[in-house]
Each structure stands twice: as structure tokens, then as C-alpha cells.
Number of protein chains: 2
Amino acid sequence: MEPGDSTKQARAAAQLRKGVLEYCVLALMRDRPRYGVELLHALEDSGALATSQGTVYPLLSRLRRDDLVTTTWQESASGPPRRYYALTDSGRAALDEFARVWPGFRNTVDSFLTTPHPSTGDLA
Amino acid sequence: MEPGDSTKQARAAAQLRKGVLEYCVLALMRDRPRYGVELLHALEDSGALATSQGTVYPLLSRLRRDDLVTTTWQESASGPPRRYYALTDSGRAALDEFARVWPGFRNTVDSFLTTPHPSTGDLA
DNA sequence: CCGGGTTCCATGCGATGCAAGGTACCTGAT
DNA sequence: ATCAGGTACCTTGCATCGCATGGAACCCGG
């Protein structure tokens, strides 16, 4: 698709997703229950977090296994029934915890990228 | 140490580190070569990216395997010799690539955490 | 000679992203 | 009735990565 940068950019982005995806999925469920493909599309629309079904469904299984979400089947007007995922109290707590940790993490990475790291020898 | 949040915060932070650590280490080498323990201390001082030798050395081995860094042994005034890691052209390119991708990723996660995601059904 | 500090490294486990493959439901055209 | 195509769900297997653990080598001072 994008010529040239597809490989390297994909590599960097792929590594980045690790761990963050879980909490972004939880964040998507914050306001209302969502179903698998809906989450997939929301991630795809975000651009930087686009992923595949092979990533999302195992992730959702883990969230259910760890009691971070509960699921309910629901009929669809057209198409097969959908499994809707909703946050549990534990899930909401995990999301809050992540929201608390994220800013510090984000700023740390920012500083690593921007700050010219002087020298460690001076102060020691 | 910190009572209560140690487990959950540690879990969230641990997942976060994945993938980002590699590029923060590269960023540390941007200005001058560094050796293993020096990198370890720099990460520890940053707070959010504190890790252990068991993480850093395998990471450095991978960077060397992928030709992102080159290493040179150097005598130490006191203690065993140090292996200094320096960026190669590929390493610098990978770091630049990450620096290009990171802001978009960071903003995406920020928006997932802050934006009240309305509904996908309305617009469809 | 021996304990402690510093520096390097390898092994093994658990968790994760992801490509690939598979099943089932519905609709509309042939 | 049959078949193609879109939607939706899920599993399996591989590669990778963070990290705890354990270990080796070097130097110094007692």
C-alpha cells in the first residue's frame, strides 16, 4: 500500500501496539457495550491501532477469562448474532489504573525522544 | 514500597514497556555511545521505564544482531571492561522512523482515553 | 585469599500480536 | 434450490518480547 515506509513503519507500530491495545479496547467499551467487529473498525479508523481479527478475538477471550468484561448475545437486524462486550467493575478499575499510569509513561517516552541526553559521567 | 498499587500498576506498566523500550534505548545512544549498565541506570532514573538486566542485555543482543548498533570494548578505570554500544546508520534510521510514528500513536491513545466515544450506530 | 562491587551474558517461562484457517448466519441473484 | 458475497464469530500455531533467575569474569581492599 504505502510504498517504502510500509515495512519499517509497520514494524515500529506493531511493537508499539503491544499492551496498549488491551486498554484501548477497554476504553472503547467505557460508554456502552460493543461487539467484536465494531471494535475492530473503531481501531482501524484510529489509524495507528489498526489490527486484525486474529488479534482482537484472542484479546477479548483473555478479557473475559480475567473477568474484565462480560458478554451478552444479541440479535442483529441483518447478519449473524453479535456478542456484545461490556466492562465489569474490575475492567473499569483496570482502565482507570491505565489512565493513571499512561501520562507518566507517555511523557517519559517524549522526553527520551526530544531531550538531548547530556552525560551520565558528570553527576556521578 | 507503594502499598496497594504495586501489583496492578506494575502489570499495566509492564505491558506498556513492550516495544517502546527498544527505541528509548536507541534514543539514549543518539548523542554518544553507552554501555549496558549505564543504559540500565538511565532507564531506572526515568521512572516509568525502569527495568532489569535480564531485559536490557537480550535487547542489546537483538539490536546488534539486526545491525542497529555496533559495539566496541573499552577499558574501565575500575572494574571489568565495558562494551559500548553505538548507533549504526540503520539504527539511526530506525530511531528516526520511530520518532515519526510515535506522536500519532501517542495522540491516538490519548484520544481513546479522554474522548467520550459517542456511538457508531448514529453515523452508519 | 576472600568478600564485595561492577560488568557482562544466557536460559527458560509466560504473555502477546498476528497471519492463516475455519464455521455459521443472512441476503440477493442465478 | 443453489451459490456468491457480506457479516460475524472463533481457534491454532508461530515468532517475539519482557523479565526473573543464575552465572561468569574482572578489579580492589582487607
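Just so you know, these numbers use all the heavy atoms, side chains as well, and skip hydrogens, waters and symmetry mates. Residue numbers start from 1 in every chain, and the chains themselves are labelled A, B, ... in the order their sequence lines are given, proteins ahead of strands. Please read these numbers as outputs of a predicted model, since none were measured by experiment.
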In terms of the nearest nucleotide of DNA chain C, which residue is placed more toward the 5' end: Pro58(B) or Gly36(B)? Gly36(B)
What is the distance, to the nearest angstrom, from the CZ atom on Arg65(A) to the C1' atom on dT16(C)? 11 Å
Closest to the Arg82(A) side chain: dG18(D), dC9(C), dC9(D)? dC9(D)
Would you say Arg64(B) places a side-chain N or O within less than 4.0 Å of OP1 or OP2 belonging to dC8(C)? no
Contact under 4.0 Å: Arg17(A) side-chain N or O vs dT16(D) OP1/OP2: no
Rounded to whole angstrom units, what separation is found between the OH atom of Tyr57(A) and the C1' atom of dG17(C)? 16 Å
Distances under 3.5 Å between protein N/O atoms and the N/O atoms of nucleotides 22-30 of chain C, please, pair by pair.
none

Can you check whether Leu68(B) reaches Leu95(B) side chain to side chain, under 4.5 Å on heavy atoms? no
Candidates dA10(C), dC9(C), dG18(D) - which lies nearest the side chain of Lys18(B): dG18(D)
Of the listed dG17(C), dC10(D), dC9(C), the closest approach to the Tyr85(B) side chain comes from dC9(C)
Going through the checks in order, is the side-chain contact (heavy atoms from CB on, under 4.5 Å) test met by Phe112(A) and Leu49(B)? CA-CA 10 Å; Phe112(A) 269 110; Leu49(B) 286 176; 3.6 Å; yes
Within-4.5 Å side-chain heavy-atom neighbours: Tyr23(A) and Val109(B): no
Using whole Å, report how far CG of Leu16(B) lies from C1' of dG18(D). 13 Å
Take atom CG of Leu40(B) and atom C1' of dC19(D), then tell me their distance rounded to the nearest Å. 12 Å
To the nearest angstrom, the CG-P distance between Leu21(A) and dA15(C) comes to 18 Å
Less than 4.5 Å apart, any side-chain heavy atom of Leu60(A) and any of Val69(A)? no
Can you tell me how far C1' of dA15(C) sits from CD of Glu22(A), to the nearest Å? 10 Å
Please say which of Met29(B), Gln74(B), Arg32(B) ends up in a side-chain contact (heavy atoms from CB on, under 4.5 Å) with Tyr84(B). Gln74(B)
Tell me, which pairs form a side chain to side chain donor-acceptor pair (under 3.5 Å) where one or both residues lie in residues 48-59 of chain A, sequence neighbours left out? Thr51(A)-Thr55(A)
What is the distance, rounded to the nearest whole Å, between atom CG of Leu59(B) and atom C1' of dG18(D)? 10 Å
Hey, could you give me each pair passing salt bridge (charged side-chain N to carboxylate O under 4.0 Å, His left out) that has a residue in residues 68-81 of chain A? Not counting sequence neighbours. none
Quick one: is dC18(C) close enough that its OP1 or OP2 comes under 4.0 Å of any side-chain N or O from Thr55(A)? yes
Starting at atom NE2 of His41(A), determine the distance to atom P of dG6(D), rounded to an integer number of angstrom. 13 Å
The side chain of Tyr35(B) is closest to which nucleotide in this list: dG18(D), dC8(C), dC10(D)? dC8(C)
